[in-house]
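Labels below follow one simple rule: chain letters A, B, ... track the order of the sequence lines, proteins then strands, and each chain is numbered from 1. Bear in mind that the values here come from a model prediction, so they are computed numbers and not experimental data.
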Number of protein chains: 2
Amino acid sequence: MTDRYHHGDLRRALIDAAVEAVAEAGPSALSLRAVAKRAGVSHAAPAHHFGDKAGLLTAVAAEGFERFADALEAAWGDTGDFYAVGAAYVRFAIDRRPYFAVMFRPELVHTDDPDLERAAARAAAALHRGSGESDPDAGFNAAALGAWSLAHGFAELLIAGNFPPAVRADPEAAFKAVAQATGLGRA
Amino acid sequence: MTDRYHHGDLRRALIDAAVEAVAEAGPSALSLRAVAKRAGVSHAAPAHHFGDKAGLLTAVAAEGFERFADALEAAWGDTGDFYAVGAAYVRFAIDRRPYFAVMFRPELVHTDDPDLERAAARAAAALHRGSGESDPDAGFNAAALGAWSLAHGFAELLIAGNFPPAVRADPEAAFKAVAQATGLGRA
DNA sequence: CACCGGTCTTGACAGTGTCAAGTTGTGTGC
DNA sequence: GCACACAACTTGACACTGTCAAGACCGGTG
């Protein structure tokens, strides 16, 4: 099965290999040839399935958004409040770091990919659930964008290593404290 | 002067060339050889001054943090409130995009570089000015981290193209609306 | 004027993404 | 059951990349 000429599910194997590689050295250090070697195929096999290096990362990002949407939806189900969803946002960035490292990087992926767009839209819907309509005057929902910005910025700064040790020790608890300090979550 | 064998200020010229290149295609697409060509020197000249590709980007990031600190300090001077500083944060991310694209990317730079550390510390000090001491129990200042996360997340999501057109039309005004919606800035 | 140290160049190396062409297997229509 | 068409993958090549060692060049100090 595994040593067939036709791999069976090479696409899946390549995505997994890419996720591992990103987890080890980040997306900018990703090498298609290294991914191919990890999956045990020739150096040009990835290009056949994904067209492009960006194509492979696009597939990773799309899968990431799907898992992200799952995590956010589950967080709504648990307690239903904003803190839980924000904490899930932060937890995803930590636990699924290789996915997160690719998901909000337009220069690394094909932003017009239908699968990616669909998955990203699902995640956005899961995130904004229950945050009401956007203000027709302003053209956007200020509270929802604020919550998103807060969670995203916290996750991004945390991952980049800009937060003190006390935050890194328990990021979810720290996020809740930070969110409360801003006055958010009372809506 | 410019066609001398000893360039005069090649280091400066290389940084400028790198900033231009990053502005055009992002930091991941940066090529040392292209930077060298842009500055009119041989392909190995950058390595002599910066040791490394990461070394060049480190110099760019350090310069970025200096300008960033300037901008934040100026914003405090203007009106002295949080909204102005947050808006300056967002404006910097837009106007000085090539710098911002490198400043919070630990995988692209030498995070232990003394110049970079000094500049980043200055920017952090400028950002947290007037936000009081950190809570000794928690080990961090929740309100300050919240403000930082909000501004940073907003800037990051805006740049990545995740916000609706109404926000992109006037990002600073949108940020103020978003910050107000969270209840922040009343401290 | 000799010399020395820093500045930059030249040349080489292994590794990269991408493309064109070829090879190998798999399923389909007959 | 068999030829054929097509998809999956390989092979080989190309231009380009970052990095290193060695050399050429220049400015200033003795």
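Side-chain atoms of Ala45(B) lie closest to dT9(C) of the nucleotides dT9(C), dT19(D), dG17(C). The side chain of His49(B) approaches dC8(C) more closely than any other nucleotide in the set dC9(D), dC8(C), dT18(C). Distances from the side chain of Ala44(B) to the nucleotides dA13(D), dT10(C), dG18(D) place dT10(C) closest. Counting only heavy atoms from C-beta on, His48(B) has its side chain closest to dC8(C) among dA12(C), dT18(C), dC8(C). When the nucleotides dT19(D), dT17(D), dT10(D) are ranked by their closest atom to the side chain of His43(B), dT19(D) comes out on top.
Within 4.0 Å (heavy atoms only), Leu30(B) reaches sugar-phosphate atoms of the nucleic acid but no base atom. If you check every strand for non-hydrogen atoms under 4.0 Å, Ala47(B) touches nothing. Within the 4.0 angstrom heavy-atom criterion, base atoms lie near Ser42(A).
Taking atom NZ of Lys53(A) as the reference point, atom P of dG17(C) lies 5 Å away to the nearest angstrom. Rounded to whole angstrom, the span from the NZ atom of Lys37(A) across to the C1' atom of dG17(C) amounts to 15 Å. Here the P atom of nucleotide dA8(D) and the CZ atom of Phe50(A) are 12 Å apart, to the nearest Å. The nearest whole Å value for the distance from the CG atom in Asp52(A) to the P atom in dT18(C) is 4 Å. Put simply, CG on Leu56(B) is 14 Å from P on dT17(D), counting in whole angstrom units. One can place CG of Leu10(B) at 17 Å from P of dG6(C), the figure rounded to the nearest angstrom. For the pair Arg11(A) CZ and dC9(D) C1', the computed distance is 16 Å after rounding to whole Å. When the P atom of dC8(C) is taken as reference, atom CZ of Arg12(B) falls 15 Å away, rounded to whole Å.
Here Ser31(A) does not reach the OP1 or OP2 of dG15(C): none of its side-chain N or O atoms lies under 4.0 Å away.
No salt bridge links Arg96(B) with Glu63(B); every basic N to acidic carboxylate O contact stays at or beyond 4.0 Å. Using a cut-off of 4.0 Å between Lys/Arg side-chain N and Asp/Glu carboxylate O, Arg67(B) and Asp70(B) are scored as not salt-bridged. A salt bridge does not link Lys37(A) with Glu20(A): none of the charged nitrogens is closer than 4.0 Å to a carboxylate oxygen.
The only member of Phe175(B), Phe68(B), Phe154(B) that meets ring pair (Phe, Tyr, Trp, His ring centres under 6.0 Å) when paired with Tyr89(B) is Phe68(B).
The base of dG18(D) sits with one of its N or O atoms less than 3.5 Å from a complementary donor or acceptor on the side chain of Arg33(B).
The aromatic rings of Phe163(B) and Trp148(A) lie perpendicular to each other, with more than 60° between the two planes, well past the 30° mark.
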